[in-house]
There are 2 protein chains.
Amino acid sequence: MILPEKTVSRLSEYRRILLDCLSKGQTHIFSHELANLNHITAVQVRRDMMLMGFSSMQRKGYDIKELIGAIGSLIDTPDGLNVAVIGVGNFGKAVTGYFRGKRSKLNIVATFDVDSEKVGRVVGGVKCYHVDNLPKLLKKLKISIGILTVPPEYARSMAEILTDNGVKGILNFTTVPLNMPDHVFLEEYDMITSIEKVAYFVKNHGGGKKSFSKATDASKQ
Amino acid sequence: MILPEKTVSRLSEYRRILLDCLSKGQTHIFSHELANLNHITAVQVRRDMMLMGFSSMQRKGYDIKELIGAIGSLIDTPDGLNVAVIGVGNFGKAVTGYFRGKRSKLNIVATFDVDSEKVGRVVGGVKCYHVDNLPKLLKKLKISIGILTVPPEYARSMAEILTDNGVKGILNFTTVPLNMPDHVFLEEYDMITSIEKVAYFVKNHGGGKKSFSKATDASKQ
DNA sequence: AATTTATTGTTAATTTTAGAACAATTATTG
DNA sequence: CAATAATTGTTCTAAAATTAACAATAAATT
């Protein structure tokens, strides 16, 4: 079963919240609690649960551990996926550090840069290689997802190297919109768009809205 | 006229693309060209133009300069808005540097941190102040938008300080979901959700989709 | 100048997404 | 143990967003 994209995003958000609850010792959660924490309605939570085929203990709420497991079995890949970060500037470092051990099924196994200061060193717990080694290492390390955090002028050429060497999904944080072959899933996020949106609604509403920034679906139509 | 949130996001994306085209000397663009560059359909571009009340020169495409101006007059604030970045780690530095001069109507006027190594120095072109000065400086500098890039444990307290001191919009890059008063526009972005979405569609489609990561609308319902 | 071609603006249809409503179920209370 | 209250699962409805379709227009071609 393929879940709607919006549902996949929400499942990921639910899990983030649930892991947080779990770490605080909470064992069960009601639909309206999860909804409030995620700025959505309880109905939507229940509909998502239904879509997942997940049931609660009536009147006790959802079992948090079970739900985390259920979400994992739907959105994770059993054997995990290997991820590379291309470009170890501030953003690349932030992304790499951010992930550190957060998701067992997604492993950042390498970072790449051109700067000899960085190459060979360990950044955010992950070794940095020279970009020249990309083709070789992408295959050798079986990397299927690439995160692009390079300066704009390198975005397209790096993306090409990625897709030419077996990468099946790209998360593009550069300002350059990419065009990918059909078999590559592309997700792009531009923080300027996020802040311009905030600015627009600050200007026009004087606030009064709540919004979750999601990466734009850049899939082939 | 208040534009739909999705349209606002797209207008911002259009402008990013148009500015790039302009810098390459291009003067006009067809709806299908703009659509391809933004991974959407030409119909959607034309509908957005209609919503904006913007017209092209028939058969010549849209005048890029005019269109940039039209988008600006809709989504920018004439006098500009002041922005602060809270938390000068890798992510905060990335955000600050990323913005440098990119949008004349959005000015990052200050950054804040607790680290005495950073306080008093200029980071990414912007002066860093100690967090203790937040209440005073938020008012003094008339900051209306805050970007949160602090460690998760500080997210809620910082958000509170922001809203208590006149901030009307928050872009939350921490992993902590926030709850804001109704008059504050909140936009949240979690990169883990983005990459989990990529992973899901890599696993299930073997690619074949295109997606733009947008910040989730966290507005009050 | 007539014909063809390309492109837009707009209406109508479709699809996707979210919400309201409510019966069913089970804990809790008296 | 009956009554009450709380919560879910689900269907039906509504709203939002996207796409399809096509007449209108203007450039290009003959």
Side-chain angles (χ1 to χ4, degrees), chain A residues 1-14 26-64 66-67 70 193 197 201 209-212 214 216-221, chain B residues 1-14 26-64 66-67 70 193 197 201 209-212 214 216-221:
Chain A
M1 162 200 38
I2 292 284
L3 298 166
E5 198 171 308
K6 293 261 170 92
T7 301
V8 174
S9 292
R10 279 195 299 268
L11 294 188
S12 169
E13 287 156 12
Y14 294 154
Q26 194 177 345
T27 62
H28 293 77
I29 193 165
F30 293 125
S31 60
H32 64 266
E33 292 177 310
L34 187 49
N36 286 340
L37 288 169
N38 207 22
H39 312 292
I40 58 176
T41 65
V43 183
Q44 184 129 54
V45 170
R46 298 203 300 270
R47 278 186 85 270
D48 286 336
M49 296 302 129
M50 196 176 75
L51 268 176
M52 291 175 67
F54 187 81
S55 292
S56 76
M57 304 181 58
Q58 276 268 18
R59 275 285 294 219
K60 288 266 171 176
Y62 300 95
D63 182 294
I64 292 180
E66 274 181 23
L67 183 45
T193 293
K197 200 165 124 190
F201 286 103
K209 287 233 14 154
K210 153 202 160 294
S211 181
F212 275 110
K214 284 152 188 155
T216 308
D217 182 345
S219 312
K220 291 291 179 295
Q221 307 96 43
Chain B
M1 163 201 37
I2 292 284
L3 298 167
E5 199 171 306
K6 294 258 171 96
T7 302
V8 174
S9 291
R10 280 196 299 269
L11 294 187
S12 169
E13 287 155 13
Y14 294 154
Q26 195 177 345
T27 61
H28 292 77
I29 194 166
F30 293 125
S31 59
H32 64 267
E33 292 176 309
L34 187 50
N36 288 339
L37 289 169
N38 207 21
H39 312 292
I40 57 175
T41 64
V43 184
Q44 184 129 56
V45 170
R46 297 202 301 270
R47 277 187 87 272
D48 286 336
M49 296 303 128
M50 196 175 74
L51 265 178
M52 293 176 66
F54 187 81
S55 294
S56 76
M57 307 181 56
Q58 277 269 16
R59 278 280 300 216
K60 287 266 172 179
Y62 301 94
D63 183 295
I64 291 179
E66 275 180 22
L67 183 45
T193 294
K197 201 165 125 192
F201 286 103
K209 287 229 19 151
K210 153 202 162 294
S211 179
F212 275 109
K214 284 153 189 152
T216 308
D217 184 344
S219 312
K220 290 290 178 298
Q221 304 96 43

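In the text below, chain A, chain B and the rest are named by the order of the sequence lines, each starting its count at 1.
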Return the value, rounded to whole Å, for the distance between atom [atom1] of [X] and atom [atom2] of [N].
X: A/Phe30; N: D/dA6; atom1: CZ; atom2: C1'; answer: 8 Å
X: B/Tyr62; N: C/dA6; atom1: OH; atom2: P; answer: 18 Å
X: A/Ile29; N: D/dA6; atom1: CD1; atom2: P; answer: 19 Å
X: A/Glu5; N: D/dA17; atom1: CD; atom2: C1'; answer: 14 Å
X: A/Asp63; N: D/dT7; atom1: CG; atom2: C1'; answer: 16 Å
X: A/Asp48; N: C/dT17; atom1: CG; atom2: P; answer: 11 Å
X: B/Met52; N: C/dT10; atom1: CE; atom2: C1'; answer: 17 Å
X: B/Arg47; N: D/dA21; atom1: CZ; atom2: P; answer: 16 Å

Using the side-chain heavy atoms of [X], tell me which of these nucleotides is nearest: [options].
X: A/Gln44; options: C/dG9, D/dT8, C/dA18; value: C/dA18
X: B/His32; options: D/dA17, D/dT10, C/dT7; value: C/dT7
X: A/Met50; options: D/dT7, D/dT10, C/dT11; value: D/dT10
X: A/Val43; options: D/dA17, C/dA21, D/dT7; value: C/dA21

Output yes when at least one side-chain N/O atom of [X] is less than 4.0 Å from OP1 or OP2 of [N], else no.
X: A/Arg10; N: C/dA18; value: yes
X: A/Ser56; N: D/dT8; value: no
X: B/Ser55; N: C/dG9; value: yes
X: A/Thr41; N: C/dG19; value: yes
X: A/Ser31; N: D/dT7; value: no

State the [atom1]-[atom2] distance between [X] and [Y], to the nearest 0.5 angstrom.
X: B/Arg47; Y: B/Gln44; atom1: CZ; atom2: CD; value: 7.5 Å
X: B/Asn38; Y: B/Asp48; atom1: CG; atom2: CG; value: 9.5 Å
X: B/Ile29; Y: B/Asp63; atom1: CD1; atom2: CG; value: 11.5 Å

Closest non-hydrogen atom pair, B/His28 against B/Glu33: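 Closest approach of B/His28 to B/Glu33, heavy atoms only: O-OE1, 4.4 Å.
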Find out whether B/Val45 and B/Tyr14 are in side-chain contact, i.e. whether some heavy atom of one side chain is under 4.5 Å from a heavy atom of the other.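 Yes, at least one pair of side-chain atoms sits under 4.5 Å.
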Could you check whether any side-chain heavy atom of A/Leu51 comes within less than 4.5 Å of a side-chain heavy atom of A/Pro4, counting everything from C-beta outward?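 SC-SC contact between A/Leu51 and A/Pro4 confirmed.
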Tell me every residue that passes side chain to side chain donor-acceptor pair (under 3.5 Å) with B/Tyr62, counting only those two or more places apart in sequence or in another chain.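 B/Tyr62 satisfies side chain to side chain donor-acceptor pair (under 3.5 Å) with no other residue.
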Let me have a per-nucleotide readout for nucleotides 22-30 of chain C, 5' to 3', with B, S or -, counting only protein heavy atoms under 4.0 Å. ---BBB---
